[in-house]
Amino acid sequence: MRTRLGAAVAALSCAALLSGCAVDAGASVAADFEEWMGERPGLESITLVSQNSLPFIGAIDASLVMAADATPEQVDDVVQRAMDFDPGRHAASVSLVRQIGSAVVSAGLPHEGDPSEVLDLAETLATAADVTELHVGGPTGPDLAIEAVVAELAQAPEAFRALNAVLDPVPRVDGLRDDAELRVRDAAGAGSISTEAPGTQTATHDLAATVVGEVTVTSMLVTEDIARFTVPEAQAAKAEALAGRLLPGGDVRVTGE
């Protein structure tokens with residue numbers, strides 16, 4: 001009986017230990033990172049999201065939000081401090097968030113290498129198009145390297161064209177995948193234009209721009225080989241003809257409402 005009880009207590013203790021470590025690992029890394037960064041001039045706030053991918057292994061997504069009046073020297077100081085953080089066996093993804101013109105710009109810092117490359121690219125993209133938000137690398141995910149947000153759906157084709165031009169060719173920078181995807185969407189979530197081959201897909205822009213320019217589009221999804229539009233019923237035939245002509249052989253679907 002004593003042996004059974006001892007084994008049960010040991011099993012429960014191990015389970016509690018594993019559970020406790022798993023629950024606390026991400027939070028522990030977040031606390032370490034926040035303490036490491038401290039209060040630095042120009043750094044307005046830190047947003048942290050933590051998780052536990054495996055027992056004893058934690059991960060964080062950290063956004064360093066710079067003050068609107070932060071100097072270039074202050075930005076460099078914050079970036080270098082973040083780059084020097086060592087999460088040990090854990091994982092840390094860090095993005096720098098700045099106001100550039102009218103856009104809130106988030107750039108994912110590389111785990112190693114030169115962070116100025118991705119920061120410069122983010123600034124170039126933000127000033128090339130009329131966008132309200134821009135995300136380059138970082139927590140946007142491994143398959144979506146560049147995402148821009150525009151205020152109105154009708155602005156998406158022009159923003160896509162401008163950003164696509166900057167990415168011809170896609171620059172090789174630390175912290176950005178070579179097969180970077182570009183997506184432009186509107187703030188309300190009514191539609192998006194995207195490509196897995198930025199810098200080369202002018203046809204994607206032409207399709208979206210033509211349809212948006214000639215009919216009233218309330219929602220859309222446009223990629224290299226897919227075109228989805230929702231338009232007034234009276235304009236559905238025209239939209240379908242335009243999309244079919246510009247995307248021959250593609251997956252075209254127009255919904256009238």
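When a residue number appears, it is its place in the shown sequence, counting from 1.
The shortest side-chain heavy-atom distance between Met220 and Val211 does not fall under the 4.5 Å cut-off. By the 4.5 Å heavy-atom criterion applied to side chains, Val118 and Pro110 are counted as neighbours. Counting heavy atoms from C-beta on, the side chains of Met37 and Arg81 come closer than 4.5 Å. Side-chain atoms of Leu182 and Leu167, non-hydrogen and from C-beta on, do get closer than 4.5 Å to each other.
Dense packing is recorded around CD of Glu257, with more than 12 heavy atoms of other residues, nucleotides or ligands lying under 6.0 Å away.
Side chain to side chain, Ser63 and Thr47 fail the donor-acceptor criterion of an N or O pair below 3.5 Å.
In this structure, Phe160 and His205 have parallel ring planes: the angle between them is below the 30° cut-off, well short of the 60° mark.
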Using distance only, find each side-chain donor-acceptor pair of residues 235-247 under 3.5 Å and give its atom names and separation, not counting sequence neighbours.
{"from": "Gln235", "atom 1": "OE1", "to": "Thr216", "atom 2": "N", "distance (Å)": "2.8"}

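The distance from atom CD of Glu44 to atom CG of Asp69, rounded to the nearest 0.5 Å, is 8.5 Å. A distance of 13.0 Å separates CZ of Arg253 from CZ of Phe229, quoted to the nearest 0.5 Å. Rounded to the nearest 0.5 angstrom, Leu64 CG and Arg40 CZ are separated by 10.5 Å. Taking CG of Leu121 as the start and CD1 of Ile146 as the end, the distance is 5.5 Å to the nearest 0.5 Å.
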side-chain contact (heavy atoms from CB on, under 4.5 Å) evaluation trace for Trp36 with Asp86: CA-CA 10 Å; Trp36 172 262; Asp86 181 5; over 6 Å; no
From CA spacing to verdict: side-chain contact (heavy atoms from CB on, under 4.5 Å), Val222, Thr204: CA-CA 7 Å; Val222 178; Thr204 306; 3.8 Å; yes
Step-by-step side-chain contact (heavy atoms from CB on, under 4.5 Å) determination, Ile100 to Thr127: CA-CA 8 Å; Ile100 300 178; Thr127 55; 4.1 Å; yes
Pair Val217-Val215, side-chain contact (heavy atoms from CB on, under 4.5 Å): steps then yes or no: CA-CA 6 Å; Val217 176; Val215 301; 3.8 Å; yes
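The backbone N or O of Gly250 lies less than 3.5 Å from no partner atom in the side chain of Asp225, so there is not a single donor-acceptor pair. Thr218 contributes a side-chain N or O that, together with a main-chain N or O of Thr230, makes up a donor-acceptor pair within less than 3.5 Å. Using modelled atom types, one side-chain atom of Arg228 and one backbone atom of Asp251 make a donor-acceptor pair closer than 3.5 Å. Formation of a donor-acceptor pair under 3.5 Å by the His90 side chain with backbone atoms of Val29 is not found in this model. Checked by atom type and distance alone, the side chain of Gln74 pairs as donor or acceptor with a backbone atom of Thr71 at under 3.5 Å. Checking side-chain atoms of Glu133 against main-chain N and O of His135 turns up no donor-acceptor pair under 3.5 Å. Checked by atom type and distance alone, the side chain of Glu123 never pairs as donor or acceptor with a backbone atom of Leu119 at under 3.5 Å. When atom types are taken as modelled, the side chain of Thr132 and the backbone of Val149 share a donor-acceptor pair closer than 3.5 angstrom. Using a distance-only test at 3.5 Å, with no hydrogens or angles considered, a donor-acceptor pair links the side chain of Glu224 to the main chain of Glu196.
Applying the side-chain contact (heavy atoms from CB on, under 4.5 Å) criterion to Asp76, with sequence neighbours excluded, gives no partner residue. Scanning for side chain to side chain donor-acceptor pair (under 3.5 Å) contacts around Thr124 gives an empty result, with sequence neighbours left out. Residues forming a side-chain contact (heavy atoms from CB on, under 4.5 Å) with Ala190 (at least two apart in sequence, or on another chain): Leu153, Asp186. Under the side-chain contact (heavy atoms from CB on, under 4.5 Å) criterion, Ser194 pairs with Glu181, Arg183, Thr223, sequence neighbours left out.
Cluster membership for Leu221 and Val212, using ILVMFWY side-chain heavy atoms within less than 4.5 angstrom, is not shared. By the criterion of side-chain heavy atoms lying less than 4.5 angstrom apart, applied directly or through intervening Ile, Leu, Val, Met, Phe, Trp or Tyr residues, Leu48 is grouped together with Val94 in one hydrophobic cluster. A continuous path of hydrophobic side-chain contacts links Phe85 to Ile46 [ILVMFWY only; heavy atoms under 4.5 Å].
The two atoms that bring Ala148 and Val131 nearest to each other are CB-CG1, 3.9 Å, heavy atoms only. Heavy atoms only, all atoms of each residue included: Asp130 and Gln155 are closest at OD2-NE2, 3.5 Å. Contact record, Val75 with Ala70: CG2-CB, 4.4 Å, taken as the closest heavy-atom pair. Taking every heavy atom of both residues into account, Ile60 and Phe33 meet most closely at CD1-CB, 3.8 Å. For Pro115 against Met83, the heavy-atom pair with the smallest separation is CD-CE, 4.1 Å. The two atoms that bring Ala122 and Val105 nearest to each other are CB-CG1, 3.7 Å, heavy atoms only.
Other residues sharing a hydrophobic cluster with Val97 under the 4.5 Å side-chain heavy-atom criterion for ILVMFWY residues are Val65, Val104.
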